[in-house]
Trainee: 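Have a look at this one before I ask anything.
It should be emphasised that the depicted structure is a prediction, and the values quoted were computed from it without experimental measurement. Reminder, nothing fancy here: chain letters follow the sequence lines and each chain counts from 1.
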Protein chains: 2
Amino acid sequence: MDEALIYQEIHSAIAGRRLQPGVRLVEDQLAETFGVNRMRIRSVLRTLAHDKVVTLHRNRGAVVAHPTVREAKEVFAARRLIEVALAPEIVRVADDESLARLRAHVREERRCESSNDRARELHASHGFHTLLAELVGNRVIIAFLRELMTRSSLITAAYERPDVSSCSHKAHGELIRFIAKRDSAGLAGAMLQHLQQIESDLILVERAEVVTDLRSIFARR
Amino acid sequence: MDEALIYQEIHSAIAGRRLQPGVRLVEDQLAETFGVNRMRIRSVLRTLAHDKVVTLHRNRGAVVAHPTVREAKEVFAARRLIEVALAPEIVRVADDESLARLRAHVREERRCESSNDRARELHASHGFHTLLAELVGNRVIIAFLRELMTRSSLITAAYERPDVSSCSHKAHGELIRFIAKRDSAGLAGAMLQHLQQIESDLILVERAEVVTDLRSIFARR
DNA sequence: GATCCCAAGATTGTTAACAATCAGATATCA
DNA sequence: TGATATCTGATTGTTAACAATCTTGGGATC
């Protein structure tokens, strides 16, 4: 199995919430799972760590990254900066075909939302933001935004409210309407509001480390 | 020697133009140079490749990356997008101490320019742009900008005009004046112009591969 | 009953040897 | 001479074994 494929596989498992923040990634297990040598896995884990998707602890292996509150805020600030700045570019390049692609994507989002699979729903929602960058076509920006979306997935997994009610496809529909009107200022404003809404749907408060040591919990009794 | 240090060392050698685009990076040589096992080097080279600082060719090793013209244009477009969007943030956070740091940096740039060491001059100039991001303090943005500056170094090394006459410290002085006036629109405009100037100082035309096979050149005679 | 200590097992980190591949040199033939 | 095939050395890719380190569980001690 190719190294790039293993990277993709683990990456999408994390972005798709099949691996939650904090989960340990044991080299031997992964090596056996993908039928490759342990060295391949080590190399992939290094790369993922460089992307802030996993965290490496010396002599103690890799875990799925658990973003700090500060990191979460910085990621969202970066998204606001870049995605809002992208608005004029999007309006500039968007043609009828682009609009059709965007609308098709929102329909897909609605389907995912009604499927009651939160991970799938979020994946579709994030795909919309990446798609906007893809329309502009700058691969550097696309790569940045992909990274930010992956990290957003981790952030959501770590800090999501229990009582979520996102409906981001509605916000996305509004964005499309501004693009169709070629209103870049309106698009920028709506994008800013949308991103602020997403962030405010989180509980960005540092929690105490999840205690796995049951003994210390029940010691009092 | 720590792996992070080796990464830093090679990275700064490339960013500082001591290693030109296209230069081969032989694992054994690097391993001996840094007094470590070859595996360490392999791992570092993978990471550098992921950063687009080196290019890996299967079974043929690593070379210092030689950005394409398209890549160069995309990097500059990304810089315009991000650095211009950063203007309001910079004006918002900049205090007297920030201005002092910026002015000190420009003085350093002037010294470097008079030293007639083009690599050192460029390094100082790039440092100014990174410093602006550092003032804002968002580590995600700082990382993005660092990456963009490194890639800009490679682009300059590959596509610089022979008759350079940058004087970027003058443009930087102008930026500082806008910051001092708290004029974020002016800062944004000046930044855009500055970045366009830098790009137009390059010759962004794809060249034929440098021919190392002298025989094919002199075959006609 | 709580705390400390130590050993065993599990896991990661490192190394050196071997295999596969490529580039350049040499040999072969028209 | 020029084109093609083959060989050789250099370099990269892979593997398995070994070393170092951490975690866990049990027992000794207070």
Trainee: Whole-Å distance between D:dG13 P and B:Ile41 CD1?
Mentor: 14 Å
Trainee: Is the distance between the ring centroids of A:His129 and A:His194 under 6.0 Å?
Mentor: yes
Trainee: Sequence neighbours excluded and cut-off under 3.5 Å, please list the side-chain donor-acceptor pairs for residues 57-68 of chain A, or say none.
Mentor:
unit_1: A:Thr68; atom_1: OG1; unit_2: A:Glu71; atom_2: N; d: 3.0

Trainee: Look at B:Arg60 and C:dT21 and indicate whether a side-chain polar atom (N or O) is within less than 4.0 Å of OP1 or OP2.
Mentor: no
Trainee: With sequence neighbours excluded, what pairs up with A:Glu9 under the salt bridge (Lys or Arg N to Asp or Glu O under 4.0 Å) test?
Mentor: none
Trainee: For A:Leu25, report the nucleic acid contact type (base, sugar-phosphate, nothing); a contact means any heavy atom under 4.0 Å.
Mentor: sugar-phosphate
Trainee: Looking only at side-chain atoms of A:Asn59, point me to the closest of D:dT21, D:dT11, C:dT11.
Mentor: D:dT21
Trainee: Please name all residues satisfying side-chain contact (heavy atoms from CB on, under 4.5 Å) with A:Glu108, sequence neighbours left out, ordered by chain then number.
Mentor: A:Arg111, A:Cys112, A:Arg120
Trainee: Between A:Arg24 and B:Gln29, who's closer to the 5' end of DNA chain D by nearest nucleotide?
Mentor: B:Gln29
Trainee: Mind checking salt bridge (Lys or Arg N to Asp or Glu O under 4.0 Å) for B:Arg24 and listing every partner two or more places apart, or none if nothing turns up?
Mentor: none
Trainee: Measure the distance from CD on A:Glu32 to P on C:dA10 and round it to the nearest whole Å.
Mentor: 14 Å
Trainee: Please name all residues satisfying side-chain contact (heavy atoms from CB on, under 4.5 Å) with B:Glu134, sequence neighbours left out, ordered by chain then number.
Mentor: B:Arg101, B:Thr130, B:Leu131, B:Ile142, B:Arg146
Trainee: Roughly how many Å is it from CD in A:Glu27 to P in D:dT21, rounded to a whole number?
Mentor: 16 Å
Trainee: Could you list all N or O pairs between the protein and nucleotides 14-19 of chain D that sit under 3.5 Å apart?
Mentor:
unit_1: D:dT14; atom_1: OP1; unit_2: A:Arg40; atom_2: NH2; d: 2.9

